[in-house]
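Okay, structure first, notes after.
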Amino acid sequence: MSAQLVGQLRAAMGEGRLAAGERLPASRALAALLGVSRTVVTEAYEQLYAEGWLEGRHGSGTYVTEGVAAPPMPKPRPVEAAAVKRAAAPHEIDLRAGLPWVGSLDTPAWRRAWRLASGMAPQQRQDPHGLPGLRAALADYVRRSRGVACPVDGLLITRGATNGLDLLAATVLRPGDRVGVEEPGYRRARAVLAGRGAEVVPCPVDEHGLIVDALPDGLRLVHTTPSHQFPMGGVLPVPRRQALLAWARRNGALVAEDDYDGEFRYDVAPLPALYGLDPDVVVYLGTTAKILTADMGVGWLAGRPALVGEIALRREELNDRTAVVPQDALRLLLERGDLDRHVRRMRGEYARRRDVVVRALDGLVLRGDTAGMHLVVDVPAPLAAGVERAAAERGVLVETLRHHHAGPRGAPGLVIGYGAAANRAELRAGCEIVRELVSAGR
């Protein structure tokens with residue numbers, strides 16, 4: 001009901017029926033008017049506050065934010081409305097994994113950070129490590145949020161986790177070096193490492209993550225997602241983490257820890273990063289792509305300072321750099337506490353979305369639903385492919401696990417992402433279509 005109210009209020013503001021600066025009823029009054037609980041209204045208001053549609057004025061109430069609502073428009077004549085309906089593209093519900101919800105970014109804090117950062121003077125020569133102020137703020141953030149005690153000289157600002165992996169590969173790998181990537185795993189990691197001339201070796205995973213005992217000797221590097229294995233969702237247990245680090249030391253290998261969504265966990269507090277157990281053999285890769293948006297184009301790489309210095313030198317040779325305005329905008333969001341508040345809001349939003357998905361897929365076997373922004377539905381391989389096609393015909397985008405395998409045979413199942421849907425009502429509708437198709441195909 002909160003999602004329905006959010007959608008109706010959002011539409012009223014977007015269409016100009018609620019004008020910019022207009023005062024909304026108090027939550028108690030609106031709840032009484034609609035015949036719903038006050039919680040329904042307060043959750044809807046909180047959602048619209050987070051999205052930037054509403055603003056509070058001290059001692060006055062809740063108002064439509066200036067500048068977000070469209071001016072009132074005359075209703076189109078019936079013939080015009082029909083023509084628009086015929087011309088409009090069908091709306092798609094995106095349930096693919098790896099896409100965050102960005103509806104909450106249009107907030108005063110977000111706009112203020114970018115406005116202040118855009119006043120920076122152009123730099124003739126940029127430090128390949130990144131802006132010092134951002135590195136200091138990030139060192140504090142990863143310590144608080146992920147248990148990563150990283151010295152500033154062991155931190156390098158990247159354009160994202162994929163860029164960080166590419167810089168690491170360009171620095172430590174030679175053509176023909178063998179590198180391990182989880183199977184199933186992150187497709188872009190395979191592409192980046194192969195692009196640097198490495199021989200990519202698929203390394204099997206199970207419900208807990210990477211199977212360390214199955215790692216072959218002779219690998220120069222292993223890419224892993226221990227906090228929430230992508231895409232299967234397993235969390236690497238402490239004994240396996242210790243075994244992985246022992247294996248890396250024994251083989252003189254590095255472990256690239258991709259912490260793509262480690263901030264979002266719903267059963268317990270976010271787990272500490274693998275990097276904290278052995279900073280000498282682990283290179284930690286983080287990104288704003290999931291906690292904010294991929295369009296920000298900022299990430300970070302943490303490792304032992306000597307190795308990070310080598311990566312910075314290689315980066316200068318490649319003329320690779322991260323734009324300074326997004327770096328400074330992120331610094332401001334960190335220093336003012338805005339990013340921490342945003343992550344707390346998003347943890348609550350994704351937890352609610354996860355609950356919607358679990359309820360909508362009731363009766364199906366789910367995996368990896370305690371963290372992150374996606375889960376896996378156990379579906380036989382032939383049926384999964386059919387569901388993927390049939391769902392697309394009905395405007396729902398979903399992927400099978402086969403898309404995340406390097407080898408010819410893949411584990412059966414569907415990957416359901418719950419970050420990209422416009423709202424929870426849309427998310428529920430898309431998942432109900434998936435459940436209907438799975439049930440009909442059995």
Side-chain angles (χ1 to χ4, degrees), residues 6 10 47-53 65 67-68 92-118 120 130-131 134 137-138 141-142 145-146 157-166 186-188 225 227-228 230 258-264 270 285-301 321-354 371-374 397 417-424 426-427:
V6 166
R10 192 190 291 119
Q47 179 71 32
L48 293 168
Y49 271 113
E51 295 181 16
W53 286 99
T65 304
V68 301
E92 291 181 326
I93 300 176
D94 200 336
L95 300 183
R96 292 172 296 178
L99 301 173
W101 185 61
V102 296
S104 66
L105 289 180
D106 190 20
T107 65
W110 173 260
R111 295 194 296 270
R112 179 177 62 244
W114 281 94
R115 184 176 64 252
L116 294 174
S118 65
M120 287 188 64
L131 294 182
L134 174 57
L138 268 174
Y141 172 74
V142 295
S145 66
R146 305 297 295 117
I157 308 302
T158 67
R159 297 195 310 277
T162 304
N163 176 235
L165 179 63
D166 185 51
Y186 189 41
R187 287 174 290 181
R188 288 183 181 174
T225 51
S227 294
H228 188 226
F230 186 86
D258 192 336
D259 195 36
Y260 66 102
D261 65 359
E263 289 87 353
F264 304 121
L285 304 172
T287 180
T288 58
K290 302 299 183 292
I291 56 177
L292 289 169
T293 168
D295 286 344
M296 191 165 204
V298 179
W300 51 92
L301 176 154
R321 56 189 296 164
T322 306
V324 295
V325 172
Q327 286 191 64
D328 204 48
L330 181 58
R331 175 188 65 82
L332 290 164
L333 290 170
L334 285 164
E335 291 179 350
R336 294 166 182 254
D338 295 320
L339 184 67
D340 292 79
R341 285 186 286 272
H342 174 77
V343 169
R344 285 195 296 271
R345 287 197 304 271
M346 295 311 299
R347 189 176 293 130
E349 170 65 21
Y350 287 138
R352 290 188 288 270
R353 287 174 174 239
R354 187 277 309 263
M373 299 178 290
H374 75 274
L397 303 181
Y418 44 88
N423 52 61
R424 294 195 289 274
E426 179 177 287
L427 180 63

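Sequential numbering from 1 along the given sequence is applied to the chain's residues.
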Looking at OG of Ser227 and CG of Asp261, how far apart are the two atoms once the value is rounded to the nearest 0.5 Å?
8.0 Å
Name every donor-acceptor pair, under 3.5 Å, that has one atom in a side chain of residues 323-332 and the other anywhere in the protein, sequence neighbours excluded.
from	atom 1	to	atom 2	distance (Å)
Gln327	OE1	Leu131	N	2.8
Gln327	NE2	Gln126	OE1	3.4
Gln327	NE2	Thr322	O	3.0
Asp328	OD1	Arg331	NE	2.6
Asp328	OD1	Arg331	NH2	3.0
Asp328	OD2	Arg331	NH2	3.3
Arg331	NH1	Glu335	OE1	2.6
Arg331	NH1	Glu335	OE2	3.4

If you take all heavy atoms of Tyr418 and Tyr350, which pair is closest and at what distance?
CE1-O, 3.5 Å
Working for side-chain contact (heavy atoms from CB on, under 4.5 Å), residues Leu95 and Leu427:
CA-CA 8 Å; Leu95 300 183; Leu427 180 63; 3.5 Å; yes
From CG (Leu334) to CG (Asp340), nearest 0.5 Å:
7.0 Å
Got a sec, which residues hit ring-ring contact (aromatic ring centres under 6.0 Å, His included) with His374, two or more places apart in sequence or on another chain?
His228, Phe230
Mind checking the CG-CD spacing from Asn423 to Gln47? Nearest 0.5 Å is all I need.
8.5 Å
Less than 4.0 Å between a side-chain N and a carboxylate O, is that true for Arg336 and Asp338?
no
To the nearest 0.5 Å, what is the distance between CE (Met373) and CG (Leu99)?
8.0 Å
Can you establish whether the number of heavy atoms outside Arg187 located under 6.0 Å from its atom CZ is more than 12?
yes
State, yes or no, whether a side-chain contact exists between His342 and Trp110 at a heavy-atom distance under 4.5 Å.
no
Which heavy atom of Arg321 sits nearest to which heavy atom of Arg159, and what is that distance?
O-CD, 3.5 Å
Which distance, rounded to the nearest 0.5 Å, do you find between the CG of Asn163 and the CD1 of Ile157?
11.0 Å
How long is the straight-line distance from CD of Glu92 back to CG of Leu397, given to the nearest 0.5 Å?
4.5 Å
Would you say that Asp259 contacts Val142 through its side chain, given a criterion of any heavy-atom pair below 4.5 Å between the two side chains?
no
Could you tell me whether a side-chain N or O of Arg347 sits under 3.5 Å from a main-chain N or O of Glu263, the two making a donor and an acceptor?
yes
Exam field: side chain Tyr186 to backbone Thr162, donor-acceptor pair closer than 3.5 Å
no
With a cut-off of 3.5 Å and sequence neighbours excluded, list every side-chain donor-acceptor pair involving residues 285-298.
from	atom 1	to	atom 2	distance (Å)
Thr287	OG1	Ala289	N	2.9
Thr288	OG1	Val298	O	2.7
Thr293	OG1	Asp295	N	3.1

